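One structure below.
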Amino acid sequence: MTSPLVERLAQLGSSARIALHDDRGPLSFAELMDRALRVRGALLAAGARRAAGGRAAPRSLDGERIALLVSPGAPWVSAFLGVLLAGGIALPLSPLYPPAELAWLADDAGVERVLVSDDLAAVAAPIAGGRAVLRVEDVERAAPGPLSATSDLAADDPALLLYTSGTTGKPKGALLTHRNLAVQAELLRAAWGFSEQDVLLHALPLHHLHGVSIALLTSLLAGGATRMLPRFDAQRVAAEIARGSATAIMAVPTMYQRLFEQVDRGGAPGFAAGARALRLATSGSAALPVTLAERWRDLTGAIPLERFGMTEIGVGLSNPLDPGARRPGWVGSPLPTVEARITDDAGNVWAPGDGGGASAPGGGAAPDSASAPGGGVAVMRGELWIRGPSVFKGYLGREDATRAAFQEGWFRTGDVAERSGDGCFRLLGRTSVDILKSGGYKLSALEIEEALREHGAIAEVAVVGVPDEAWGERVVAVVVAAPGREAECATGPLRAWARERLAPYKIPRDAVVVPGLPRNAMGKVVKPALVKAIAEGRLPGR
Ligand code: MLC
Ligand code: AMP
């Protein structure tokens with residue numbers, strides 16, 4: 001079966017309607033597709049030249065991984081679509097990554113070619129050795145191949161590789177197929193009412209699912225326009241909203257927090273009226289504090305539409321489009337074709353069709369009649385498992401991790417959730433203390449610890465997430481210093497040292513030097529005790 005993603009792009013490809021509007025100006029769907037087909041043509045032609053014997057250009061890159069180091073805007077989108085149309089797998093990289101991280105990602109993904117924009121050529125230097133580096137500005141001028149030649153791309157071909165942190169030291173590359181991406185975009189188009197009339201204001205990073213799939217592809221495949229900004233800047237976003245340049249925004253909670261700070265500074269004239277005029281404002285990637293949701297409601301008349309998603313599954317659960325039916329603090333119910341189930345520690349299961357009760361082989365999974373909305377009926381708590389056509393294919397080169405992530409065909413999210421009697425879900429935390437969320441970025445405490453352990457002045461370290469109003473969780477490193485080297489482990493010097501090794505958003509905001517770490521009988525650091533001590537001010541942590 002042909003790729004549904006390519007079929008949809010082909011339908012849109014002759015339209016003169018605006019697809020994308022960046023700081024250089026507007027671009028129609030026809031112009032965008034023309035550029036994407038030129039990128040495709042150049043990738044295939046260069047592939048043929050590299051192949052021995054100078055064969056004719058192949059029809060597909062057969063899953064070659066192509067890294068993108070391109071600034072947000074039209075060149076990013078044409079490069080991304082060009083890779084997909086060529087049968088390659090796009091690996092979007094962030095210019096925020098330091099050289100060591102870029103090199104690790106490119107190696108792990110087996111990247112042979114890198115597409116760069118002119119302004120990021122220097123950033124790509126650490127991964128240029130032994131790899132072909134193509135300038136998007138050049139390949140966009142290559143001859144476009146015919147779209148018909150893409151018809152042999154299949155729905156289950158992988159299209160996108162996104163690295164996501166887990167409970168192992170290094171991140172894993174999640175492979176999403178053409179079908180996954182098409183299904184995710186279609187589910188959100190239908191659930192959130194996206195159409196050709198919409199203009200989505202886009203200021204999300206493009207190396208994660210929220211920016212690339214949930215926002216960009218939903219808007220693009222619905223035939224709407226995307227107003228893409230070079231980065232999130234609260235003043236700029238507030239001004240765009242104030243002047244009514246969009247009908248919809250998608251954001252992480254920290255972005256809402258930043259917008260309110262902008263309003264409080266008096267730096268957002270006309271923002272309230274612009275925000276009220278938006279058709280839709282969604283929040284995800286991290287829990288939206290009820291206080292923020294209510295502040296948005298006071299300003300606009302409705303709380304943001306909060307939904308739950310994950311790199312591996314797309315958006316699984318969503319509040320309704322009808323503002324009156326949204327529930328603050330809850331993430332809604334499963335989208336069509338998505339199945340959700342809750343499994344508690346004892347293996348008891350709540351699954352669809354159980355009417356809220358437990359369907360455990362062993363029976364009776366601790367349902368209680370807590371004061372949830374829809375109340376009085378059984379409430380289930382446990383790990384959230386998801387199944388459906390939007391769920392990813394697996395982790396690149398990590399068969400063990402892929403196997404461990406699934407059970408009986410269900411993807412285990414690692415999130416602890418509660419289901420109300422009327423089928424609405426709320427997230428309660430993670431099954432692992434080592435997964436943190438800061439400003440919508442998922443971080444692995446183990447990965448950060450691994451990097452910090454290379455510092456000669458650090459004898460022992462535990463990285464924890466401390467609840468924080470602005471970031472959701474604030475990353476704090478609790479450090480035991482080598483004798484006489486405490487000063488090197490203070491916040492300032494440690495952050496400066498870490499800049500070479502970790503993306504800026506992974507670097508601990510604070511470092512606390514302690515004489516020893518609390519450990520249990522098994523010798524494992526008791527991280528909840530550290531979080532509590534910092535939150536209660538018994539350890540400085542700020
Ligand atoms: C930036 N910094 C962060 C940070 N973002 N620190 C911790 N956590 C973060 N998320 C650092 C900067 O490097 C800088 O450090 C300092 O904080 C101030 O930077 P800033 O310029 O004020 O921040 P800014 O660049 O504006 O970034 C804030 C943000 C950004 C909210 C715009 O974090 C962001 O784009 N978050 C979105 C993440 C996202 O898209 N997640 C989706 C994952 S997919 P210094 O040292 O230089 O001062 C997913 C699935 C789903 O979760 O359901 O959606
Ligand atoms: P990522 O791996 O970066 O895609 O992050 C996915 C994780 O983000 C999920 O497993 C959740 O822990 C978290 N998340 C996403 N949306 C929400 C939400 N609305 N509320 C709370 N957590 C969320």
Side-chain angles (χ1 to χ4, degrees), residues 72 92 94-98 162-167 171-172 174 176 184 188 202-216 229-237 250-259 261-262 282-289 293 304-319 328-332 383-384 386 392 411-417 425-432 435-444 448 465 468 470-476 491-492 494-496 498-499 502-510:
S94 167
L96 294 174
Y97 288 134
L162 294 175
Y163 275 77
T164 179
S165 296
T167 46
K172 300 186 289 283
L176 293 140
Q184 291 180 9
L188 296 182
H202 191 300
L204 287 153
L206 289 161
H207 64 303
H208 283 297
L209 191 87
H210 197 162
V212 61
S213 169
I214 299 171
L216 175 64
L229 304 185
R231 60 184 293 273
F232 180 84
D233 167 359
Q235 191 175 4
R236 174 81 195 275
V237 171
M250 297 188 195
V252 302
T254 305
M255 292 175 174
Y256 284 101
Q257 159 91 13
R258 293 280 174 92
L259 287 172
E261 284 168 11
Q262 188 66 26
T282 71
S283 177
S285 304
L288 179 66
L305 184 162
E306 187 172 8
R307 68 1 172 241
F308 163 81
M310 202 170 179
T311 303
E312 291 90 335
I313 67 155
V315 169
L317 312 170
S318 174
N319 267 289
W330 293 70
V331 294
E383 189 184 1
L384 176 63
I386 297 284
F392 80 138
F411 175 72
R412 304 181 54 165
T413 64
D415 286 295
V416 180
F425 287 75
R426 174 160 68 161
L427 293 172
L428 305 172
R430 301 278 317 176
T431 53
S432 165
I435 297 292
L436 320 178
K437 266 274 169 168
S438 170
Y441 284 119
K442 184 169 167 188
L443 310 176
S444 158
I448 301 171
D468 184 271
W471 296 107
E473 282 182 303
R474 195 171 80 254
V475 180
V476 177
T491 299
L494 201 63
R495 279 175 59 80
R499 269 183 203 287
L502 292 167
Y505 51 84
K506 297 181 184 173
I507 300 174
R509 285 219 151 243
D510 304 283

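We count ligands from 1, going down the list as the structure has it; atoms in each ligand are counted the same way. Bear in mind that the values here come from a model prediction, so they are computed numbers and not experimental data.
Interface atoms of ligand 1 facing M255, defined by a heavy-atom separation under 4.0 Å, are 32 (C), 35 (O). Of all atoms in ligand 1, listed by their number and element, those nearer than 4.0 Å to a heavy atom of R509 are 2 (N), 3 (C), 6 (N), 7 (C), 11 (C), 16 (C), 17 (O). Annotation for ligand 1: atoms under 4.0 Å from non-hydrogen atoms of R499 are 45 (P), 46 (O), 47 (O). Applying the 4.0 Å criterion to heavy atoms of H210 picks out, from ligand 1, the atoms 42 (C), 44 (S), 54 (O). Distances below 4.0 Å separate heavy atoms of G439 from the following atoms of ligand 1: 10 (N), 33 (O), 36 (N), 37 (C), 38 (C).
With hydrogens and angles ignored, the 3.5 Å screen pairs a side-chain donor or acceptor of N319 with a backbone N or O of W330.
Ligand 1 has no atom lying under 4.0 Å from any heavy atom of R474. Residue T164 places a heavy atom under 4.0 Å from ligand 2. R430 counts as a contact of ligand 2, since one of its heavy atoms falls under 4.0 Å from the ligand. Put simply, part of R258 is less than 4.0 Å from ligand 1, judged by heavy atoms. Using a 4.0 angstrom heavy-atom cutoff, P205 counts as in contact with ligand 1.
Looking at atom 7 (C) of ligand 1, its nearest protein heavy atom turns out to be S438 OG, 3.1 Å. Considering only non-hydrogen protein atoms, atom 33 (O) of ligand 1 sits nearest to Y441 CE1, 3.5 Å. Scanning all protein heavy atoms for the shortest distance to atom 18 (C) of ligand 2 gives A286 O, 3.5 Å. From the protein, the heavy atom lying nearest to atom 10 (O) of ligand 2 is D415 OD2, 2.5 Å.
Heavy atoms of M310 found under 4.0 angstrom from ligand 1 belong exclusively to the backbone.
In this structure, atom 11 (C) of ligand 1 has protein heavy atoms in its sub-4.0 angstrom surroundings. There is a protein heavy atom less than 4.0 angstrom from atom 26 (O) of ligand 1.
Nearest residue to atom 14 (N) of ligand 2 from G429, S285, G316 is S285 (criterion: closest heavy atom). Atom 21 (O) of ligand 1 has its nearest heavy-atom neighbour, among H207, R231, E473, in R231.
Every N/O-N/O distance between H208 and ligand 2 stays at or above 3.5 Å. Checking only distances, T311 does come within under 3.5 Å of ligand 2, N or O to N or O.
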